[in-house]
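Scroll down for the structure; my scribbles are underneath it.
Just so you know, these numbers use all the heavy atoms, side chains as well, and skip hydrogens, waters and symmetry mates.
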Amino acid sequence: MGIPLLITCPAGLVYDTKMGVCEFPDEAQRPGCMPEEVLGFTCPPITNATQLTFGDHLRFPKPDDCRYFFKCLKNGYPRLGGCEHGNVFNPVNGFCDSPQNVRGCEKYYSEDD
């Protein structure tokens, strides 16, 4: 007989019951755990005419956290992306940057000091 084990997935991932691993919600396709529900973000419509600025996706800031952003994939689903510690997402150029270069995020790490 098996022993139950609680699996906690990292932020932005869900448990894929078929594969038995944590996956991106758009890959798991699990009812009740779809990307928009998990992330609280819906991508704008992506068509064949949409220019995907970052090769295979677009990027949008996560309004409540300077360090994170949403990637909108070709399939229309969002994924959570993030910057390494010490940097924040710069919505002007779509890349991770120093906090002093991003208006409103200058003091993001001030509590760490």
Side-chain angles (χ1 to χ4, degrees):
M1 177 181 266
I3 298 172
L5 178 65
L6 178 64
I7 303 286
T8 302
C9 294
L13 301 181
V14 298
Y15 187 73
D16 185 331
T17 55
K18 293 177 186 165
M19 299 297 291
V21 296
C22 295
E23 284 280 13
F24 291 108
D26 62 287
E27 292 178 352
Q29 293 287 307
R30 192 171 144 198
C33 293
M34 293 303 288
E36 296 87 352
E37 297 166 292
V38 172
L39 300 174
F41 182 81
T42 300
C43 291
I46 295 178
T47 67
N48 289 338
T50 304
Q51 183 176 355
L52 300 174
T53 315
F54 300 95
D56 64 349
H57 66 278
L58 299 171
R59 295 179 185 170
F60 297 92
K62 188 173 190 293
D64 62 347
D65 196 324
C66 290
R67 190 171 171 187
Y68 295 93
F69 57 93
F70 297 106
K71 300 177 189 179
C72 288
L73 307 175
K74 287 181 190 179
N75 64 12
Y77 289 121
R79 283 191 185 170
L80 185 63
C83 298
E84 61 281 351
H85 184 79
N87 286 325
V88 297
F89 180 70
N90 186 333
V92 174
N93 63 22
F95 292 99
C96 295
D97 202 345
S98 296
Q100 67 264 18
N101 296 333
V102 182
R103 194 166 97 196
C105 298
E106 298 88 350
K107 297 182 181 183
Y108 183 78
Y109 290 102
S110 61
E111 293 179 11
D112 289 352
D113 296 338

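Partners of T17 under the side chain to side chain donor-acceptor pair (under 3.5 Å) rule, at least two apart in sequence or in another chain, do not exist in this structure. Partners of F95 by ring pair (Phe, Tyr, Trp, His ring centres under 6.0 Å), not counting sequence neighbours, listed by chain and number: F54. The side-chain contact (heavy atoms from CB on, under 4.5 Å) search around C43 returns F41, C72, P78, not counting sequence neighbours. Applying the side chain to side chain donor-acceptor pair (under 3.5 Å) criterion to N87, with sequence neighbours excluded, gives E84.
Between the Y109 side chain and the G86 main chain, a donor and an acceptor come within less than 3.5 Å of each other. Panel note: side chain R67, backbone C83; a donor-acceptor pair is recorded below 3.5 Å. With S98 contributing its side chain and Q100 its backbone, the two residues share no donor-acceptor pair below 3.5 Å. Side-chain N or O atoms of Q29 include none that pairs as donor or acceptor with a backbone N or O of E27 at under 3.5 Å. Between the R30 side chain and the V14 main chain, no donor and acceptor come within less than 3.5 Å of each other.
Nearest heavy-atom pair, I46 versus L73, reported as atom, atom and distance to 0.1 Å: CD1-O, 3.1 Å. P91 approaches V102 most closely through the heavy-atom pair CD-CG1, 4.0 Å. When all heavy atoms are compared, the tightest approach of A28 to D16 is CA-OD2, 3.7 Å. E106 and G104 get closest at one heavy-atom pair: OE1-N, 2.9 Å. Annotation for D97 and N93: closest pair OD2-ND2, 4.1 Å, computed over non-hydrogen atoms.
Contacts classified as salt bridge (Lys or Arg N to Asp or Glu O under 4.0 Å) and involving residues 33-61 (residues at least two apart or in different chains) are not found.
Using a 4.5 Å heavy-atom threshold, the side chains of K71 and F60 count as separate. Proximity of P35 to F70: side-chain heavy atoms (C-beta onward) are nowhere separated by under 4.5 Å. A heavy-atom distance below 4.5 Å is not found between the side chains of F69 and P61. Side-chain contact between V88 and N90 is absent, with no heavy atoms from C-beta onward closer than 4.5 Å.
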Can I get a per-line list of side-chain donor-acceptor pairs under 3.5 Å for residues 18-26, giving both atom names and the distance, sequence neighbours left out?
unit_1	atom_1	unit_2	atom_2	d
D26	OD1	R79	NE	2.9
D26	OD2	N75	ND2	3.3
D26	OD2	R79	NH2	3.1

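Y68 and V92 fall into different hydrophobic clusters, where Ile, Leu, Val, Met, Phe, Trp and Tyr are joined by side-chain heavy atoms under 4.5 Å apart, directly or via other members. Cluster membership for L39 and L58, using ILVMFWY side-chain heavy atoms within less than 4.5 angstrom, is shared.
For the atom pair L13 CG and I7 CD1, the distance stands at 12.5 Å (nearest 0.5 Å).
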Open item on the list: Walk me through whether T50 and N48 qualify under side chain to side chain contact (heavy atoms under 4.5 Å, CB included).
Closed with: CA-CA 6 Å; T50 304; N48 289 338; over 6 Å; no
